[in-house]
**Student:** 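Following this message is one structure expressed as structure tokens.
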Amino acid sequence: MKMIIVKDDLEGAKLGLKIIKESLEKDALKTIGLATGSTPVSLYNLLRESDLDFSNTVSVNLDEYVGLSGDHPQSYRYFMETHLFEAKPFKKSYVPNGIADDLNKECADYEKIIEENPVNLQVLGIGANGHIGFNEPGASFDSVTRVVDLVPETIEANSRFFKSIHEVPKKAISMGIKTILKSDKIVIFAYGTNKASAIKKMLENDITEEVPATILKKHSDVTVIVDEDAATLLNQ
Ligand code: GLP
């Protein structure tokens, strides 16, 4: 893993932009994997303002809440439309449909979409509990796209976006860990002291399903971009 410590999220976003730009210029960005949450917002701001052209790039998002339609303000489809896609259209943008009648079929179809559009570069954030996508602690490293239960810690963490904690969906569709690892390249971002423990565990713990992000150590091309706050607990 390549680790880069930056001053703040804007510096992190600039590095992310550079990596994406280089891939595009090499014509090596047929498909990009995208994440939601507060972490990638600074990157999406820079992408929106950039002159990069994604009209030949497909995007696939990591996850979506079960029960929220794409026009619900807290759905990840809505997040992506407003933070990126409206200003920067892609050739095609896939986000799982959280209100599909048959959720298992939706998951199988989504996995097939990824098989047909292998991800060249996956943007990731990390949960305070070490989750990636919505693969919570204990998720199998062999997992593929499926419906998952969110743990109370994640529901609590994400309740900041909802009027009340009771409105936070308890389930989501998430790309699996095996799915995420198929990406040619992974860039994971983390900012703030509330991510410091997860970053320490990811980098310093043994690989364990109890901390899903630890599996990234097995991937051959991972760049970790963290700010000074998220790096505070690391052994140097
Ligand atoms: C969310 C998402 C993840 C994200 C993580 C961190 O629940 N499912 O993809 O990386 O949790 O979110 P944030 O960037 O808001 O801290």
Side-chain angles (χ1 to χ4, degrees), residues 6 8-10 12-13 16 32-47 59-68 72-80 82-84 93-96 98 107 110 114 119 121-139 143 145-162 165 167-177 179-181 183 186-202 211-216 222-227 229-231:
V6 293
D8 54 25
D9 67 332
L10 180 59
I32 186 166
L34 297 173
T36 49
S38 31
T39 306
V41 168
S42 55
L43 173 64
Y44 296 159
N45 289 343
L46 292 189
L47 289 178
S59 71
V60 286
N61 260 78
L62 281 170
D63 44 18
E64 178 60 285
Y65 288 117
V66 166
L68 301 193
H72 187 289
Q74 298 313 331
S75 74
Y76 285 168
R77 162 62 76 178
Y78 188 90
F79 175 100
M80 290 310 303
T82 50
H83 283 87
L84 188 60
S93 285
Y94 295 101
V95 180
C107 293
Y110 203 73
I114 298 162
V119 179
L121 171 62
Q122 176 67 55
V123 172
L124 282 185
I126 185 169
N129 62 3
H131 75 217
I132 48 175
F134 267 134
N135 295 286
E136 299 282 27
S143 53
T145 305
R146 70 213 183 285
V147 175
V148 295
D149 292 314
L150 306 185
V151 301
E153 193 182 347
T154 299
I155 293 171
E156 164 79 39
N158 290 1
S159 67
R160 68 190 193 278
F161 298 112
F162 292 80
I165 194 165
E167 288 182 16
V168 186
K170 297 190 172 47
K171 287 179 186 291
I173 293 175
S174 180
M175 265 191 212
I177 294 180
T179 322
I180 293 171
L181 290 177
S183 175
I186 294 174
V187 185
I188 180 163
F189 299 86
Y191 309 122
T193 47
N194 67 324
K195 299 292 171 70
S197 163
I199 288 299
K200 182 180 177 63
K201 286 183 192 161
M202 174 178 84
V211 185
T214 56
I215 193 64
L216 297 177
V222 177
T223 302
V224 184
I225 299 176
V226 295
D227 69 357
D229 287 342

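Numbering of ligands and ligand atoms starts at 1, following listing order.
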**Student:** Would you indicate which of Gly133, Gly37, Gly125 comes nearest to atom 9 (O) of ligand 1 when only heavy atoms are counted?
**Tutor:** Gly133
**Student:** Need the ligand 1 atom indices (1-based, order shown) with element for anything under 4.0 Å from a heavy-atom of Ile126.
**Tutor:**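 In order of numbering, the contacting atoms are 6 (C), 10 (O).
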**Student:** Which atoms from ligand 1 have a heavy atom of Lys195 less than 4.0 Å away?
**Tutor:** 6 (C), 13 (P), 14 (O), 16 (O)
**Student:** Taking all atoms of both residues into account, what is the closest heavy-atom pair of Val168 and Ser159, and its distance?
**Tutor:** CG2-CA, 3.6 Å
**Student:** Atom CG in Leu34, atom OH in Tyr76: separation rounded to 0.5 Å?
**Tutor:**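 Going from CG on Leu34 over to OH on Tyr76, the span is 13.5 Å.
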**Student:** Report the member of Ser38, Ala190, Ala35 with the shortest heavy-atom distance to atom 13 (P) of ligand 1.
**Tutor:** Ser38
**Student:** Taking all heavy atoms of Met175 and all of Arg146, pick out the closest pair and write down the distance.
**Tutor:** O-NH1, 4.0 Å
**Student:** How long is the straight-line distance from CD1 of Ile186 back to CG of Leu181, given to the nearest 0.5 Å?
**Tutor:**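 Here the interatomic distance stands at 5.5 Å.
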**Student:** At a non-hydrogen distance cut-off of under 4.0 Å, which region of Asn158 contacts ligand 1 (side chain, backbone, both, or neither)?
**Tutor:** side chain
**Student:** Would you say Arg160 contacts ligand 1, with heavy atoms under 4.0 Å as the rule?
**Tutor:** yes
**Student:** Does any part of the side chain of Val123, heavy atoms only, come nearer than 4.5 Å to the side chain of Ile188, both counted from C-beta?
**Tutor:**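 SC-SC contact between Ile188 and Val123 ruled out.
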**Student:** Work out whether the distance between some heavy atom of Tyr76 and some atom of ligand 1 is less than 4.0 Å.
**Tutor:**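 Per 4.0 Å heavy-atom rule, Tyr76 contacts ligand 1.
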**Student:** Which heavy atom of Leu150 sits nearest to which heavy atom of Ala172, and what is that distance?
**Tutor:** CD2-CB, 4.0 Å
**Student:** Is it the case that ligand 1 has an N or O less than 3.5 angstrom from some N or O of Thr36?
**Tutor:**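 The answer is no, given that Thr36 and ligand 1 share no N or O pair closer than 3.5 Å.
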**Student:** Please write down residue, atom name and distance for the protein heavy atom closest to atom 8 (N) of ligand 1.
**Tutor:**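 Going atom by atom, the protein heavy atom closest to atom 8 (N) of ligand 1 ends up being Asp63 OD2, 2.9 Å.
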**Student:** At less than 4.0 angstrom from any non-hydrogen atom of Phe134, what atoms of ligand 1 do you find?
**Tutor:** 7 (O), 8 (N)
**Student:** Any atoms of ligand 1 less than 4.0 Å from a non-hydrogen atom of Thr39? List them with their elements.
**Tutor:**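 Counting atoms of ligand 1 from 1, those under 4.0 Å from Thr39 are 13 (P), 14 (O), 16 (O).
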**Student:** Can you tell me how far the CG atom of Asp149 sits from the OG atom of Ser174, to the nearest 0.5 Å?
**Tutor:**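 It is 12.0 Å, given to the nearest 0.5 Å.
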**Student:** May I ask you to identify the nearest protein heavy atom to atom 5 (C) of ligand 1, giving residue, atom name and distance to one decimal place in Å?
**Tutor:**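 In this structure, atom 5 (C) of ligand 1 has His131 NE2, 3.5 Å as its nearest protein heavy atom.
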**Student:** Measure centre to centre between the rings of Phe162 and Tyr65, then say whether the value is under 6.0 Å.
**Tutor:** yes
